[in-house]
Amino acid sequence: MESVLQTLLRAVPQATAVWIAVLLVLAVAVAVAALPRGVITPPATGAGNRLADRLESAATEAAEVAERRRAEWLAAQQAVDETWAAYEQASDDARRIGATTAYPLMSRRRRLGENVDRQRYLHRAATELCRTQDLSIAQLNDVYAHRGWNPRLHPVQQEPVLRNAVRAHRFDAYQRAVERERAAWRSAEAAAETLRGLRAEASAARLRGPVTEAGEQQVYAEHWTSAESERRTPVELPAAA
């Protein structure tokens, strides 16, 4: 009995070592089975990815276009502020001069050649206002052709008429500036949207890795045309009032 017990005790360490070895083999087998199969290591970033390179190049050009469009919009916005300030000044001058000339002049017989002097005054005053861009060329032509203008008015009576014409010209300039500012804003927004799309597509292409030529053509059809149109479409800069 004692001999059997001694033999069993001597066999316990050997059995323990065998079981530990079996458990280690099973653990390694489970770990290997848990590994994903068929995984393809993606190529290194930038290695042969022509689509991503071209999209990034297009995004760089689109960024330059977007910056120019934003600068043009800011310039148009400044022009709106300037033309509105000019209109307010012209409106204040028209009201002030209209108030000072509200009283009628005393009627008297005109001296010989006075009508010619009044006409010369009107032409000279209108020409000076046009030179300072307070009147347009079309308005000046109307003055010389006497379309809507009475050259026989006294200079005091002629002054509020001239100032009202200046106010109308300044208001027209303000409206044109507002239209240019809105067009510049739409163009800037379109350029910014194109830039965001190209950057997102370039990042996605860089993550996907190289693609086939058919895939490149599909991306070009979706994005390159819009980028080129934004780069080539000019925006009219605001002209001087």
Side-chain angles (χ1 to χ4, degrees), residues 65-193 230 232-241:
V65 173
E67 187 65 24
R68 288 198 303 270
R69 294 292 183 265
R70 177 170 175 80
E72 291 167 355
W73 170 66
L74 291 176
Q77 193 175 41
Q78 183 179 1
V80 170
D81 296 337
E82 292 175 354
T83 53
W84 176 253
Y87 165 71
E88 285 188 325
Q89 182 63 41
S91 183
D92 293 341
D93 292 343
R95 285 194 300 267
R96 176 176 52 82
I97 294 177
T100 58
T101 59
Y103 297 100
L105 296 176
M106 295 180 59
S107 60
R108 62 178 180 83
R109 181 172 298 184
R110 299 176 185 176
R111 59 180 175 80
L112 185 62
E114 186 174 356
N115 288 336
V116 176
D117 295 337
R118 293 182 179 186
Q119 178 176 315
R120 289 175 180 173
Y121 167 80
L122 173 61
H123 293 174
R124 184 169 59 252
T127 302
E128 183 61 28
L129 290 173
C130 184
R131 185 178 294 112
T132 57
Q133 298 183 353
D134 288 320
L135 286 182
S136 65
I137 297 296
Q139 287 175 308
L140 183 62
N141 291 335
D142 290 339
V143 169
Y144 275 92
H146 303 160
R147 290 191 295 264
W149 293 83
N150 185 3
R152 297 185 178 184
L153 288 179
H154 191 276
V156 175
Q157 297 172 315
Q158 201 72 262
E159 191 63 22
V161 180
L162 287 168
R163 291 302 166 180
N164 287 334
V166 170
R167 178 171 57 186
H169 170 63
R170 289 301 183 183
F171 186 70
D172 290 341
Y174 166 72
Q175 289 182 316
R176 291 193 299 270
V178 169
E179 293 176 358
R180 287 191 294 267
E181 187 271 339
R182 291 174 179 173
W185 167 253
R186 290 191 295 268
S187 180
E189 281 294 295
E193 182 65 25
E230 284 297 326
R232 296 179 180 178
T233 302
V235 173
E236 182 183 0
L237 291 176

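Along the sequence shown, the residues carry numbers beginning at 1. Computed from a predicted model, the values in this text were never measured in an experiment.
In terms of the side chain to side chain contact (heavy atoms under 4.5 Å, CB included) criterion, residue partners of Q175 (sequence neighbours excluded) are, by chain and number, F171, D172. Take Y174 and apply the ring-ring contact (aromatic ring centres under 6.0 Å, His included) test, not counting sequence neighbours, and it matches W84. Judged as a side chain to side chain contact (heavy atoms under 4.5 Å, CB included), and not counting sequence neighbours, the contacts of H146 are Q119, H123, P151. Looking at residues two or more places apart in sequence or on another chain, you find a side chain to side chain contact (heavy atoms under 4.5 Å, CB included) between E128 and R131, T132. Qualifying side chain to side chain contact (heavy atoms under 4.5 Å, CB included) partners for R95, counting only residues two or more places apart in sequence or in other chains: S91, D92, R167. Scanning for ring-ring contact (aromatic ring centres under 6.0 Å, His included) contacts around W185 gives W73, with sequence neighbours left out.
Q77 CD to R182 CZ: the interatomic distance, rounded to the nearest 0.5 Å, is 12.5 Å. For the atom pair CZ (R68) and OG (S187), the distance works out to 10.0 Å, reported to the nearest 0.5 Å.
Taking each heavy atom of A192 and A66 in turn, the nearest pair found is N-CB, 4.4 Å. Considering all non-hydrogen atoms of both residues, A191 and V65 come closest at CB-CG1, 4.4 Å. Contact record, N150 with Q158: O-NE2, 2.9 Å, taken as the closest heavy-atom pair. Summarising the geometry of D134 relative to R170, their closest heavy-atom pair is OD1-NH2, 2.7 Å, with the distance given to 0.1 Å. Heavy-atom minimum distance, A177 versus T83: CB-OG1, 3.6 Å. Contact between G98 and P160 at its shortest, heavy atoms only, is CA-CB, 4.3 Å.
N141 has its side chain within reach of R147: a pair of non-hydrogen atoms, C-beta onward, lies under 4.5 Å apart. Side-chain contact between L129 and V166 is present, with heavy atoms from C-beta onward closer than 4.5 Å.
Formation of a donor-acceptor pair under 3.5 Å by the Q139 side chain with backbone atoms of A165 is found in this model. Side-chain atoms of R152 do not come within 3.5 Å of backbone N or O of N115 as any donor-acceptor pair.
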* **Evaluation steps, side chain to side chain contact (heavy atoms under 4.5 Å, CB included), between Y121 and L153** => CA-CA 10 Å; Y121 167 80; L153 288 179; over 6 Å; no

* Which is it for L162 and L122 under the side chain to side chain contact (heavy atoms under 4.5 Å, CB included) test, yes or no, and what are the steps along the way? -> CA-CA 9 Å; L162 287 168; L122 173 61; 4.0 Å; yes

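Remark: R69 engages E72 in a salt bridge, criterion side-chain N to carboxylate O under 4.0 Å.
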